[in-house]
Every structure is written in C-alpha cells, then in structure tokens.
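Numbered from 1 within each chain, the chains take letters A, B, ... in sequence-line order. Note that this is a predicted model, so its numbers are computed, not measured.
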Number of protein chains: 2
Amino acid sequence: MRYRIGEVARLSDCKVETVRFYEQMGLLPVPARSSGNFRLYNESQLGQLRFIRHCRSLDIPLEDIRRLLVSQKHPEENCADINQLIDEQIDRVESRMQSLQQLRKQLVELRSQCSGKMPTSSCGILQGLSDCACHYPAER
Amino acid sequence: MRYRIGEVARLSDCKVETVRFYEQMGLLPVPARSSGNFRLYNESQLGQLRFIRHCRSLDIPLEDIRRLLVSQKHPEENCADINQLIDEQIDRVESRMQSLQQLRKQLVELRSQCSGKMPTSSCGILQGLSDCACHYPAER
DNA sequence: CTTGACTCTATAGTGGCTACAGGGATTCTA
DNA sequence: TAGAATCCCTGTAGCCACTATAGAGTCAAG
C-alpha cells in the first residue's frame, strides 16, 4: 500500500508542507516517486512520520527527534540517552511553567493598578510599565 | 545628557543589536547622530526603551507594545483598551500554562515507561512514542 | 601611532513551520 | 473527450524577536 503526500499528512495530523519540510530536514527518508513525480510513502514511513508528530506534540525539538530516530536504528544499544533526553524535556517544560507562573503574577499585579475607566494619562497600567522600579530593582 | 547606544543598551538591560532592531521596527524614534555618525539618545528615549523592555519582560508582543506607545501619546483618551490588552496577555499566559501542565503529565507518564537500563529495542519510551494509540485515540 | 573598545551598515541565521506563485498530474463530471 | 476541480511539484519568502557575523569606520588612552 502506498500513500501520496496528502494522505500521509492527513493520517499523521499535519500539513502537506510540513511533511516536505521534515524530508528536507532529513527526518524522513527520501520517498519513492510515481511516474508523475508524486511522492509515494509506505507504512513504515507513515509510522516514522507519526513518531515525529508524536514527539512534536510533546514539544520535543527536531534535533532531539533526530537523535531518537538514530537510537531507534540501533536496537542493541543502551537506552540511557533516551531517558536523559526525556528528563531534559521535562526539565525544560517545568522551567517554562515556573517562568509563566511568575509572569502571570506580575501581569495580575499590573492589571490591578487600573480600573479601565481612566484617561490614559493616569492609567495605573501605563504608569506601572513606565516605572523601572519593579523591573530593575537595583537601579533605584 | 546624551547616551550612545552601548550605554542605553546597558541601562535598559538589552543588547546593542536589540536597540537598533527596535528602531528599525519603529518602536523607538530615529535618534540624533554624533559627528562620527554614532546614535545619540536622550533621557526620554531611554525611558521609552525601558518601557519596551519592561513590556517584553512580561512577554507582551511588539505589536501590542506599539499600541501601548500610541496610547501613551494620547493622554486624554480612555484606557479601556490598555486594560483589555493586559487581560488578553493574562489569558495567553494562562492558556500556555495549561498546555504545559498537560504536556508535563504526558512526558512524566512516558518517562515512567522505562528504567533507562534497556536495549533501545525494548525501551518503553521509544515504544510509547511509536504508539499512536495515545496520540490519536480515534485511530484504533 | 598604535591599540583596543566602541560603533556603523548590511545581511543571514535561529525554530518550526506556513504561505504563496506558477506550473504539472490526476481524477471527476458533463 | 473536454473541462473543471483537486491534487501535487519546486522554489522562495514570511512569521517572531531577536542574535550573530563580516567588514568597515570612530574615538580615547598610552
């Protein structure tokens, strides 16, 4: 069974352009071509594309996906690297969560400075944003 | 008092290239020039740059910052738009927090599938990533 | 007079796609 | 069998907010 690009895109929940992009990035093998020069994919290539999409849904960067694909091709090797890669991804996600937490706090604090019914000249939000005291505490 | 670009960059905690970039984006007024063609900034321009950096530290997009700068130039107008802009930013941050929460859960679940001491052929993580069951529940 | 720190412009790269433009292939309908 | 609709092709440029580089010029200190 062979699929054309639109079909693999649909079956792996991404756009046609994205499939071509992955090929260009070397994440997908160069596919066979039909007589009319259309890309033709088999089950294994569809599987690989789905693997990539699954990784991307976990926000794993393309470089890391590349490493995972290499690991997959070496079944006898130890999988410690894979575990480490996922641990690092979890760390990245947690650290982003922390910054967002902090960010939210600052934004809510800023928001509380104004009721929204002022002329901009006395808007607490604009004043808060102009004030460098909270952003650069060392400066005054 | 006039500052050269390196100084305003230092005083507003960003890189020299970033200052030039903001100028190019029209977020900073075109500065005066010295006889040797160096950019020269005054206090007010430094203030505006700090305002921008403060907004960026809250992850407010440049387009929104542009709107805030315009509002600042119209002190008599009502500040409802500014409040709405911040509310939208809070919404964006909260929705990103939620996706990260979800992401973390999935990654931790995936991580639990392997001890890290297997050959890659039986690594639970690789198997989990190859499995489309969790990512495309509708498909089987 | 040279060194070194600073600045200038212009251009390209980052990540992960997305969106054209301008054509060819295939398939469906009349 | 003609024409239309839908797919597909390559190549290039755009998105965001910078960052980095090349190759040159400016300026103050020693």
For nucleotides 23-30 of chain D, tabulate all protein N/O to nucleotide N/O atom pairs closer than 3.5 Å, reporting atom names and distance.
unit_1, atom_1, unit_2, atom_2, d
D:dC27, OP1, B:Gly36, N, 3.3

Worksheet item: Given C:dC17, C:dC8, D:dC18, which nucleotide is nearest the side-chain atoms of B:Leu62?
Response: D:dC18

Worksheet item: For the pair made of CZ in A:Arg33 and P in C:dA25, what is the distance, rounded to whole Å?
Response: 13 Å

Worksheet item: What integer distance in Å separates A:Asp13:CG from C:dC17:P?
Response: 12 Å

Item to complete: Using whole Å, report how far CG of A:Leu40 lies from P of C:dA25.
Response: 15 Å

Discussion item. Can you measure A:Phe21 atom CZ to D:dC9 atom P for me and round it to whole angstrom units?
Written reply: 17 Å

Fill in: Nucleotide C:dG15, atom C1' - distance to CD1 of A:Ile65 in whole Å
12 Å

Worksheet item: Quick check: does any side chain N or O of A:Gln45 sit under 3.5 Å from a backbone N or O of A:Asn42, one acting as donor and the other as acceptor?
Response: yes

Fill in: Phosphate OP1/OP2 of C:dT18: any A:Thr18 side-chain N/O under 4.0 Å
yes

Worksheet item: Just checking, any donor-acceptor pair under 3.5 angstrom between side chains of A:Gln84 and A:Glu88?
Response: yes

Discussion item. Expressed as a whole number of angstroms, how long is the span from B:Glu7:CD to C:dC6:C1'?
Written reply: 11 Å

Worksheet item: Roughly, in whole Å, what's the span from CZ in A:Arg10 to C1' in D:dT6?
Response: 14 Å

Worksheet entry | From D:dC8, C:dT18, C:dC8, nucleotide with atom closest to A:Val16 side chain | D:dC8

Item to complete: Among the candidates D:dT10, D:dA17, C:dT9, find the nucleotide nearest to the side-chain atoms of B:Pro61.
Response: D:dA17

Worksheet item: If each of A:Arg39 and B:Asp59 is mapped to the nucleotide of DNA chain D with the nearest heavy atom, which maps nearer the 5' terminus, i.e. the 5' end?
Response: A:Arg39

For nucleotides 19-22 of chain C, list the nitrogen or oxygen atoms of the protein found under 3.5 Å from its nitrogen or oxygen atoms, one pair per line.
unit_1, atom_1, unit_2, atom_2, d
C:dA19, OP2, A:Lys15, NZ, 3.4

Response to the item:
Paired with B:Ser130, the side-chain hydrogen bond (donor to acceptor under 3.5 Å, both in side chains) test is passed by just one of A:Gln48, A:Arg50, A:Gln72, A:His54, namely A:Gln72

Response to the item:
Between A:Gly6 and B:Tyr22, the residue closer to the 5' end of DNA chain D by nearest nucleotide is A:Gly6

Worksheet item: Have B:Arg10 and B:Tyr3 got a donor and an acceptor in their side chains that come within less than 3.5 Å?
Response: no

Worksheet item: Does a salt bridge link B:Arg66 with B:Glu63, judged by any charged N lying under 4.0 Å from a carboxylate O?
Response: yes

Discussion item. Donor-acceptor pair, distance only, cut-off 3.5 Å: does the side chain of A:Arg92 make one with the backbone of A:Ile60?
Written reply: no

Item to complete: Identify, with sequence neighbours excluded, every residue that meets side-chain contact (heavy atoms from CB on, under 4.5 Å) alongside B:Arg20.
Response: B:Ile5, B:Val16, B:Glu17, B:Arg39

Item to complete: Flag yes if more than 12 heavy atoms outside A:Glu94 fall under 6.0 Å of its CD atom; otherwise flag no.
Response: yes

Practice prompt. Taking atom types as modelled, find out whether B:Ser57 and A:Gln106 have a side-chain donor-acceptor pair closer than 3.5 angstrom.
Written response: no

Fill in: d(CD, B:Glu63; P, D:dG14) in whole Å
17 Å

